[in-house]
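This report refers to the structure that appears directly beneath it.
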Amino acid sequence: MTAKKGAAAIAWWRHVVIRWWSCKCKCQWKLKLLLFLSVALTLYALFTFHSRHSPPDISFSSSSPSRHRLLRLQFDGVPKIAFLFLARRNLPLDFLWDSFFENADVANFSIYVHSAPGFVFNESTSRSTFFRDRQLKNSIQVGWGESSMIQAERLLFDAALEDPANQRFILLSDSCVPLYNFSFIYNYVMASPRSFVDSFLDKKENRYNSKMSPVIPKEKWRKGSQWIALVRSHAEVIVDDEVILSAFKKFCKRRPPVDAKKGKLNIKLQKQHNCIPDEHYVQTLLAMSDLEGELERRTLTYTVWNQSATKMEHKGWHPFTFNFANAGPKQIKEIKDINHVYYETEFRTEWCRSNSALVPCFLFARKFSQGAAMRLLSDGVVGHADTSEV
């Protein structure tokens, strides 16, 4: 019932009462009944109008922001790092991670794996007990360069947020390796109250789609590595978002390969699909949320990018793969010695800090083959850290 209809109903009942009164009806009980009905209808109309214009009651659910914040506020104990693995299927470097976690206190970490739907980590699919039964039950099929990638990331964060002890969240690929032992990485990450998110202005590749405006203004558009390490409140922002995600699903898509058969149509297709979501979503969302002041704007995961020609595209950027021969002590030390990152589009040098202290920039690296991971294990990279490197 609208306010207009409610007022009309009230006026009609008043008219009826006046007519009864003007007839000087001597039946007092009828007059009392009419007055009672008039008051009751008035109250009903007002109640209906108020209920229709009041905000709806929002109940708690597993993905409710209120629930996640409540779990955070209720936590009082040993904080954990949630290691979130985004895998195609299995984890080929599980033997190296097994050694890494073996030297850790189980109270200090938790593990979550997003794999292909239906894939189960058990004795036959994983050499490490740490990964068995750690796969998400609600995983989705992921396509490279599609929004399904960021949806899978959100599923990992959502699952990890259910444990209030998880206070830091590190996203890793199935080809990532740790460069230090667990205690070194734990102390490094926990010492900082900030998230580590590689984020910078995207001025060269022109991946921004003007159709995103005004939901996503161009000045808030950011780019960076998808391999991030978040504090709990920032993980909540990612899981709770629906507005920016919807814009990415609609306008931020994978650029299709150039097809000679399509001729001029290629130009139109290239303009329509001009974005790699996993390199922009988290960075843009946090910028839109005015949280960049709470970030170390760099990634903790080292990647070497090589430009190469492919059959699918004229040119494409692909990560360099480390193998047994080029994953020796010299190469690993060179990575560990990096203490700053330069961002050309912003003329910004990001000196690597954790809680204001200068530290090595990278705790992890990718992409590593099984042979390279075996060499790291034999060289004791995941063993005792050299405190002089801190």
Side-chain angles (χ1 to χ4, degrees), residues 81-88 91-101 103-104 109 111 113 128 131 153 168-189 192 195-199 224-230 278-279 296-308 317-343 350-354 358-386 389-390:
I81 295 178
F83 290 85
L84 314 178
F85 290 88
L86 194 58
R88 298 178 187 84
L91 291 173
L93 309 184
D94 58 358
F95 60 92
L96 178 64
W97 285 100
D98 184 81
S99 178
F100 174 80
F101 290 121
N103 296 320
F109 71 91
I111 297 172
V113 184
S128 172
F131 293 104
E153 294 176 10
R168 300 292 187 275
F169 305 76
I170 299 177
L171 185 65
L172 299 160
S173 77
D174 52 15
S175 67
C176 282
V177 299
L179 298 175
Y180 299 91
N181 72 347
F182 182 88
S183 62
F184 184 93
I185 290 177
Y186 181 88
N187 292 332
Y188 183 115
V189 174
S192 176
S195 292
F196 296 88
V197 179
D198 187 48
S199 177
S225 168
Q226 76 177 109
W227 312 113
I228 56 181
L230 303 181
D278 51 88
E279 292 184 357
E296 293 285 352
R297 292 175 63 192
R298 61 185 178 87
T299 180
L300 296 178
T301 301
Y302 178 79
T303 307
V304 179
W305 293 94
N306 274 354
Q307 192 173 19
S308 61
W317 286 92
H318 299 278
F320 173 82
T321 300
F322 289 89
N323 54 38
F324 185 92
N326 55 31
K330 180 179 180 293
Q331 290 86 350
I332 299 303
K333 185 179 185 304
E334 288 176 353
I335 298 174
K336 290 183 174 183
D337 285 344
I338 298 173
N339 60 6
H340 68 279
V341 182
Y342 179 67
Y343 292 91
E350 191 76 14
W351 292 94
C352 298
R353 294 179 174 86
S354 178
L358 288 173
V359 293
C361 289
F362 302 107
L363 299 179
F364 311 94
R366 62 185 293 269
K367 299 176 62 172
F368 277 67
S369 66
Q370 290 189 8
M374 291 178 65
R375 183 165 184 178
L376 293 185
L377 188 61
S378 63
D379 290 343
V381 171
V382 296
H384 298 289
D386 183 357
E389 295 176 304
V390 181

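Under the 30°/60° scheme for interplanar angles, the aromatic rings of Tyr188 and Phe196 are found to be tilted. Ring geometry for Tyr180 against Phe184 counts as parallel: the plane angle stays under 30°, on a 0 to 90° scale with 60° as the upper cut.
Residues Asn339 and Trp351 are in side-chain contact: their nearest non-hydrogen atoms beyond the backbone lie under 4.5 Å apart. Looking only at side-chain heavy atoms (C-beta outward), Phe101 and Phe131 come within less than 4.5 Å of each other. No side-chain heavy atom of Asn181 sits under 4.5 Å from any side-chain heavy atom of Asn103. Residues Ser225 and Thr303 form no side-chain contact, since every pair of their non-hydrogen atoms from C-beta on lies 4.5 Å or further apart. Counting heavy atoms from C-beta on, the side chains of Phe169 and Leu171 never come closer than 4.5 Å. Within the 4.5 Å cutoff, the side chain of Glu350 has heavy atoms near those of the Glu296 side chain. Looking only at side-chain heavy atoms (C-beta outward), Arg88 and Ser173 stay at 4.5 Å or farther from each other.
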Is there a side chain to side chain contact (heavy atoms under 4.5 Å, CB included) between Tyr343 and Arg297 once you walk through the steps?
CA-CA 10 Å; Tyr343 292 91; Arg297 292 175 63 192; 5.7 Å; no
Side chain to side chain contact (heavy atoms under 4.5 Å, CB included) between Phe364 and Ile170, worked out
CA-CA 10 Å; Phe364 311 94; Ile170 299 177; 3.9 Å; yes
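Donor-acceptor pairing under 3.5 Å is lacking for the side chains of Asp94 and Ser128.
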